[in-house]
Visitor: 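Structure in structure tokens, see below.
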Amino acid sequence: MDLNFLKNKTILVTGVTGSFGKNFIKYILENSEAKKVIVFSRDELKQSVMETEIKDNRIRFFLGDVRDLSRLERAFHGVDIVVHAAALKQVPACEYNPMEAIKTNIMGTANVVEAALDAGVKKVLMVSTDKAVSPANLYGATKLAGEKLTIQSNAYAGGSATRFSCVRYGNVVGSRGSVVPLFLKQRSGGKITITDDRMTRFWLSLDQGVRFVIDCIEQMEGGEVFVPKIPSTKVVDLARAIAPDAEINIIG
């Protein structure tokens, strides 16, 4: 993949200390001549761990929360590209803490938009999810609202150069919080739990996700919602592949 379009650019990624964020940053630092990569997240421990893992003098660490507009405004100074990946992602946690999900996933996205417009950021790409399509839970609903905010913000840009787009991708195989590590853990006990045997999930590898997002940054002109063509799998089939001898319990 040719990353010449990132040469001498400053890239900021929100919510970057998860599986996607770390691999995204590593890929950019290893394969491009980006001027600077800024990690913006609220977890100082994960930032500290990342600092020991990634040794590159172009990386910067910025403690902050997307709920804090003034902190975002300070962080966005001189930034060319923003990848907005910060979100509360756990479906049950969002259901039980709805206002927290709304504050981070919707209001946080609105803050990213405001800060990007004021700072003159050229490109903002919001990382969304397939669960934003006809959402069946609050997590999906907040990401759909975040998408609508992001896309409509192209109208707010007026004559400025700031452009906003979204990218949806599926479930990253083996990522933090996905069912694969859970099934691997349950396999040793001989019993796997599944909410509903009709469930399906769209899957892609971490490397595919990183490359797709970078592709979208290069291609975006503002207003797009990029959707990759990726395979889906029944969760029951995934469980049987991981633990063929385990008992499968449908728990509802």
Side-chain angles (χ1 to χ4, degrees), residues 3 6 8-94 97 100-101 103-105 107-109 111-112 115-116 119 121 124-129 139 142-143 146 167 169 171-182 184-185 205-211 213-214 217:
L3 301 187
L6 295 178
N8 296 323
K9 296 290 191 297
T10 296
I11 303 131
L12 181 145
V13 191
T14 70
V16 76
T17 50
S19 310
F20 165 79
K22 280 196 284 190
N23 283 271
F24 178 80
I25 282 177
K26 283 180 183 176
Y27 193 91
I28 286 176
L29 290 172
E30 290 170 5
N31 297 282
S32 81
E33 296 180 52
K35 179 182 176 182
K36 192 190 303 180
V37 177
I38 301 170
V39 173
F40 184 96
S41 72
R42 62 184 182 180
D43 194 320
E44 76 276 17
L45 175 59
K46 288 176 185 170
Q47 284 196 11
S48 177
V49 171
M50 187 185 287
E51 197 168 1
T52 63
E53 291 178 358
I54 305 175
K55 300 295 184 184
D56 193 301
N57 58 15
R58 293 173 293 164
I59 193 168
R60 302 286 186 273
F61 293 91
F62 210 112
L63 271 176
D65 195 318
V66 292
R67 297 183 185 188
D68 185 346
L69 177 57
S70 63
R71 188 65 170 161
L72 281 170
E73 288 171 339
R74 180 64 57 89
F76 281 16
H77 181 71
V79 170
D80 299 295
I81 298 166
V82 168
V83 177
H84 174 39
L88 295 183
K89 303 181 181 73
Q90 294 292 325
V91 171
C94 290
N97 304 277
E100 299 307 302
K103 286 176 185 175
T104 296
N105 297 0
M107 301 310 298
T109 299
N111 286 339
V112 167
V121 173
V124 179
L125 185 70
M126 177 214 171
V127 178
S128 187
T129 170
Y139 168 60
T142 60
K143 294 301 275 188
V167 55
Y169 63 71
N171 299 268
V172 177
V173 178
S175 65
R176 185 188 64 179
S178 78
V179 296
V180 173
L182 174 64
L184 289 171
K185 184 178 179 181
S205 71
L206 201 48
D207 187 54
Q208 285 174 321
V210 167
R211 287 169 177 263
V213 170
I214 292 172
I217 295 170

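Everything numeric here is computed off the predicted structure, so don't read it as measured data. The figures that follow rest on heavy atoms only: side chains count, while hydrogens, waters and symmetry mates do not.
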Visitor: Test your reading of the model: is there a side-chain donor-acceptor pair from K89 to the backbone of Y139, 3.5 Å cut-off?
Guide: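 Not at all, since once roles are kept as given, no pair shorter than 3.5 Å links the two residues.
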Visitor: Per the side chain to side chain contact (heavy atoms under 4.5 Å, CB included) rule, which among L3, I28, V83 passes with I217?
Guide: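 Answer after filtering L3, I28, V83: V83.
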Visitor: Kindly say whether V66 contributes a backbone atom to a donor-acceptor pair with the side chain of R42 at under 3.5 angstrom?
Guide: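 No.
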Visitor: If you look at every heavy atom in D56 and I59, which pair is closest and at what distance?
Guide: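 Heavy atoms of D56 and I59 come nearest at O-CG2, 3.1 Å.
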Visitor: Side chains of N8 and E33: does their closest heavy-atom pair fall under 4.5 Å?
Guide: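 Contact flag for N8/E33 side chains = no.
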Visitor: What are the two closest heavy atoms between K36 and I38, and how far apart are they?
Guide: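 Taking every non-hydrogen atom into account, CD-CG1, 3.9 Å.
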Visitor: How many angstroms lie between atom CG of N31 and atom CG of L6, to the nearest 0.5 angstrom?
Guide: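 Reported value, rounded in 0.5 Å steps: 10.0 Å.
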Visitor: Evaluate side-chain contact (heavy atoms from CB on, under 4.5 Å) for T10 paired with K35, printing each intermediate quantity in order.
Guide: CA-CA 5 Å; T10 296; K35 179 182 176 182; 4.0 Å; yes
Visitor: Where is the tightest heavy-atom contact between L72 and A115, given as atom of each residue plus distance?
Guide: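 Taking L72 first and A115 second, the nearest heavy atoms are CB-CB, 3.8 Å.
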Visitor: Quick one: which of V82, V79, I81 gives a side chain to side chain contact (heavy atoms under 4.5 Å, CB included) with I11?
Guide: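 By the side chain to side chain contact (heavy atoms under 4.5 Å, CB included) criterion, I11 pairs with just one of V82, V79, I81: I81.
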Visitor: How many angstroms lie between atom NE2 of H84 and atom CZ of F40, to the nearest 0.5 angstrom?
Guide: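 H84 NE2 to F40 CZ: 10.0 Å, rounded to 0.5 Å.
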Visitor: CG of N105 to NZ of K143: how many Å apart, nearest 0.5 Å?
Guide: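 Those atoms lie 5.5 Å apart.
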Visitor: Quick check on R60: does its CZ atom have over 12 non-hydrogen neighbours (other residues, nucleotides or ligands) under 6.0 Å away?
Guide: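 Above 12, so yes.
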Visitor: Please assess K26 against I54 for the test side-chain contact (heavy atoms from CB on, under 4.5 Å), listing each intermediate value before the final yes or no.
Guide: CA-CA 7 Å; K26 283 180 183 176; I54 305 175; 3.7 Å; yes
Visitor: Between the side chain of S128 and the main-chain N/O of V167, is any donor-acceptor distance below 3.5 Å?
Guide: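 No, the answer is negative, given that no donor and acceptor are paired below the 3.5 Å cut-off.
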Visitor: Does the pair K9/D80 count as a salt bridge with the N-to-O cut at 4.0 Å?
Guide: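 So K9 does not pair with D80 through a salt bridge.
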Visitor: Nearest 0.5 angstrom please: R211 CZ to N23 CG, how far?
Guide: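 It comes to 12.0 Å.
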Visitor: Do you know the tightest heavy-atom contact between A116 and V124?
Guide: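 Looks like CB-CG2, 3.6 Å.
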Visitor: Any chance you could measure L69, atom CG, to F76, atom CZ, to the nearest 0.5 Å?
Guide: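 The CG atom of L69 sits 9.5 Å away from the CZ atom of F76.
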Visitor: Keeping N97 on the side-chain end and E100 on the backbone end, is there a donor-acceptor pair under 3.5 Å?
Guide: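 Between the backbone of E100 and the side chain of N97 there is no qualifying donor-acceptor contact (under 3.5 Å).
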Visitor: Report the distance from atom CG of N111 to atom CG of D68, rounding to the nearest 0.5 Å.
Guide: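 The CG atom of N111 sits 8.0 Å away from the CG atom of D68.
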Visitor: Is there a side-chain contact between Q208 and Y169, using heavy atoms and a 4.5 Å cut-off?
Guide: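 In short, these two side chains do not touch, never coming nearer than 4.5 Å.
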Visitor: Hey, does the side chain of E44 reach the backbone of L63 with a donor-acceptor pair shorter than 3.5 angstrom?
Guide: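 No, E44 side chain to L63 backbone: no donor-acceptor pair under 3.5 Å.
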